[in-house]
Amino acid sequence: MSDRTERNEATSPTGARAIKPRAWAPVRAMTRILNADGSQRTAVPAGTGTGRSAVMDSALYVDGRRQPGDRHYAEALAAARRERGFVWIGLHEPELAEMTAIAATFGLHELAVEDAVKAQQRPKLERFGEVSFLVLRTARYCEHDELTENSEVVETGQVMLFIGPNFVISVRHGDACRLAPVRADLEAKHDLLAHGPWAVAYAITDRVVDVYLEVADQLEDDLDVLEADVFDRQSSGRIQRIYQMKRELVEFKRAVVPLQRPLMTLTAQVSREIPQEVRRYFRDVQDHLSRTVEQVNSYDDLLNSILQARLAQVTVDQNNDMRKIAAWAAIAAVWTAIAGIYGMNFENMPELRMTYGYPVVLALMLAISLALYRWFRRNGWL
């Protein structure tokens with residue numbers, strides 16, 4: 001990544017070069033675009049490059065109730081400031097041009113906008129003036145008939161929240177956790193929604209953590225099946241399946257565990273911008289997250305134990321194979337030893353002239369072999 005203190009260049013949908021503002025300044029309302037001869041002209045409105053708008057829903061809320069009518073987000077923001085309400089804009093995988101225009105209207109910091117577009121962040125909470133930037137990683141359990149070494153067990157995505165005095169902007173990446181049901185449920189709770197943008201942040205965070213709990217419970221079922229297969233002597237218990245499950249668990253753990261620190265900050269008394277009532281709700285979310293973290297850590301320990309048990313089984317099976325090979329080699333050594341002795345070219349050897357010497361020696365070798373076989377079977381070598 002280039003130095004953020006320098007001006008960065010991006011290509012506009014028309015092919016011209018758009019110069020982004022410096023990192024320490026808010027994003028401008030319009031991107032400056034230069035013609036081929038270097039003269040400046042009016043920029044094309046953001047979001048028109050592909051014809052697809054990332055805005056899934058946009059609404060104005062006053063006193064906990066959604067206001068009728070369709071407004072542009074700039075008009076809705078102005079109305080929210082006049083009527084002491086707030087705007088909630090829901091975005092799904094926005095492009096940089098559209099996100100830049102929205103950021104200019106709401107005064108979002110360029111660094112947070114860049115993070116929201118790239119969607120490669122760990123859960124965190126940052127402050128940019130009066131705007132808080134909360135990053136959540138979402139997770140969803142992927143149904144599968146059988147756990148294999150290529151099974152996708154957990155699908156993850158991201159939700160970013162810009163929370164300001166009169167607005168909240170949710171940016172969703174992936175389909176691990178859809179926010180339309182969250183909006184519908186929250187709009188039915190007027191008392192909670194009346195607390196403002198942080199009530200929306202709570203509802204989304206609560207939904208994300210609730211899905212964590214669902215995923216953790218379903219992962220437990222997979223671990224039970226995996227554990228039963230490992231200790232079932234009729235099953236192959238391939239190590240690749242255990243390793244794949246461990247990778248999926250690590251992906252889920254990366255979404256769950258880092259969220260603890262942002263939630264601790266949100267529930268602390270130092271967060272004065274959060275209403276006291278909403279902070280109580282965040283404490284409930286923190287309790288649910290702590291439960292999920294404990295489950296994930298226990299699953300990790302259990303999976304390590306299952307892996308070690310399977311490795312021990314492989315070692316034991318190899319030792320059993322070596323014992324079988326050694327037992328059969330010992331039986332074969334009897335025949336080799338006796339045949340080697342009688343294969344020596346000496347005239348004066350015992351029983352060399354006996355009429356029944358040959359069958360007697362064969363019977364002796366067979367009897368010794370049968371005795372060794374029974375002894376090895378009794379001791380578990382065969």
Side-chain angles (χ1 to χ4, degrees), residues 120 122-123 136-158 174-177 208-260 288-333 372-382:
Q120 298 175 352
R122 299 176 73 250
L136 307 171
R137 291 197 66 178
T138 57
R140 181 177 66 177
Y141 180 80
C142 300
E143 297 291 343
H144 49 270
D145 297 331
E146 182 182 2
L147 182 64
T148 66
E149 54 267 24
N150 298 317
S151 296
E152 183 181 8
V153 181
V154 178
E155 177 189 353
T156 58
Q158 285 200 327
D175 295 325
C177 182
V208 170
V209 175
D210 284 346
V211 176
Y212 287 169
L213 290 172
E214 297 174 4
V215 174
D217 291 339
Q218 291 169 312
L219 284 177
E220 185 176 8
D221 296 336
D222 279 340
L223 287 175
D224 291 341
V225 173
L226 194 62
E227 185 178 16
D229 288 344
V230 166
F231 291 99
D232 184 6
R233 302 306 298 172
Q234 303 298 325
S235 176
S236 60
R238 294 174 59 86
I239 294 181
Q240 291 87 341
R241 295 194 308 159
I242 305 175
Y243 182 71
Q244 176 65 17
M245 188 66 185
K246 190 168 181 62
R247 290 187 61 185
E248 296 295 314
L249 185 61
V250 167
E251 183 177 359
F252 182 51
K253 192 174 182 179
R254 288 174 180 171
V256 174
V257 175
L259 186 56
Q260 295 180 101
H288 292 172
L289 181 65
S290 299
R291 172 187 165 188
T292 307
V293 171
E294 291 176 359
Q295 285 182 285
V296 171
N297 290 333
S298 64
Y299 295 164
D300 196 16
D301 294 339
L302 178 60
L303 201 54
N304 287 334
S305 300
I306 293 174
L307 182 59
Q308 294 299 324
R310 181 54 190 155
L311 292 175
Q313 285 180 348
V314 171
T315 303
V316 170
D317 292 341
Q318 290 176 344
N319 290 339
N320 289 335
D321 293 340
M322 291 302 298
R323 288 197 301 178
K324 291 178 181 180
I325 294 173
W328 286 112
I331 294 174
L372 288 175
Y373 179 80
R374 291 189 61 185
W375 186 80
F376 286 135
R377 286 279 295 180
R378 185 183 306 171
N379 289 275
W381 283 51
L382 290 174

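Note that the coordinates shown come from a computational prediction; the quantities given were computed from them, not determined experimentally.
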Item checked: Check: V296 main-chain N/O paired with D300 side-chain donor or acceptor under 3.5 Å -> no

Notebook entry, point to check: Would a distance-only check, ignoring hydrogens and angles, find a side-chain to backbone donor-acceptor pair under 3.5 Å from Q244 to S151?
Noted result: yes

Item checked: Any L226 side-chain heavy atom under 4.5 Å of L303 side chain -> yes

Next item on the list: Answer whether the closest heavy-atom distance between the side chains of V208 and C177 falls below 4.5 Å.
Entry: yes

Checklist line | Check: R140 side chain, D175 main-chain N or O, donor-acceptor pair, under 3.5 Å | finding: yes

Check: Does any non-hydrogen side-chain atom of R122 lie less than 4.5 Å from one of R137?
Finding: no

Checklist line | From K246 atom NZ to I306 atom CD1, the distance as rounded to the nearest 0.5 Å | finding: 10.5 Å

Note to self: Looking at every heavy atom in both G157 and A176, which two are closest together, and how far apart are they?
What the structure shows: N-CB, 3.9 Å

Check: Is there side-chain contact between L213 and Q295, with heavy atoms separated by less than 4.5 Å?
Finding: yes

Margin query: Just by distance, no angles: are the side chains of D217 and Y212 close enough, under 3.5 Å, to form a donor-acceptor pair?
Written below: no

Check: Is there a donor-acceptor contact under 3.5 Å from the side chain of E227 to the main chain of D224?
Finding: no

Next item on the list: Would you give the length of the straight line joining atom CG of L289 to atom CG of D210, rounded to the nearest 0.5 angstrom?
Entry: 11.0 Å

Next item on the list: Please assess L136 against Q158 for the test side chain to side chain contact (heavy atoms under 4.5 Å, CB included), listing each intermediate value before the final yes or no.
Entry: CA-CA 6 Å; L136 307 171; Q158 285 200 327; over 6 Å; no

Checklist line | Pair V209-L259, side chain to side chain contact (heavy atoms under 4.5 Å, CB included): steps then yes or no | finding: CA-CA 10 Å; V209 175; L259 186 56; 4.1 Å; yes

Next item on the list: Check each of L307, I242, V225 against V230 using the side chain to side chain contact (heavy atoms under 4.5 Å, CB included) test, and report the only one that passes.
Entry: I242

Note to self: Donor-acceptor pair, distance only, cut-off 3.5 Å: does the side chain of Y299 make one with the backbone of A216?
What the structure shows: yes

Notebook entry, point to check: Out of curiosity, C142 SG to E155 CD, how far, rounded to the nearest 0.5 Å?
Noted result: 5.0 Å

Next item on the list: Would you check if E251 and V153 make a side-chain contact, meaning some heavy-atom pair closer than 4.5 Å?
Entry: no

Check: Under the 3.5 angstrom rule, does the side chain of T138 hit a backbone N or O of T156 as a donor-acceptor pair?
Finding: no

Note to self: Donor-acceptor pair, distance only, cut-off 3.5 Å: does the side chain of Q240 make one with the backbone of E149?
What the structure shows: no

Margin query: For Y373 and W328, take the angle between the two ring planes, folded into 0 to 90°, and tell me which bin it lands in: parallel under 30, tilted 30 to 60, perpendicular over 60.
Written below: tilted

Next item on the list: Taking Q218 for its side chain and Y141 for its backbone only, find out whether a donor-acceptor pair lies under 3.5 Å.
Entry: no

Next item on the list: Working to the nearest 0.5 Å, report the span between CG of D222 and CD of E146.
Entry: 11.0 Å

Notebook entry, point to check: Measuring from R254:CZ to L249:CG, what's the distance to the nearest 0.5 Å?
Noted result: 11.0 Å

Checklist line | Euclidean distance, N297 CG relative to T292 OG1, rounded to 0.5 Å | finding: 11.0 Å

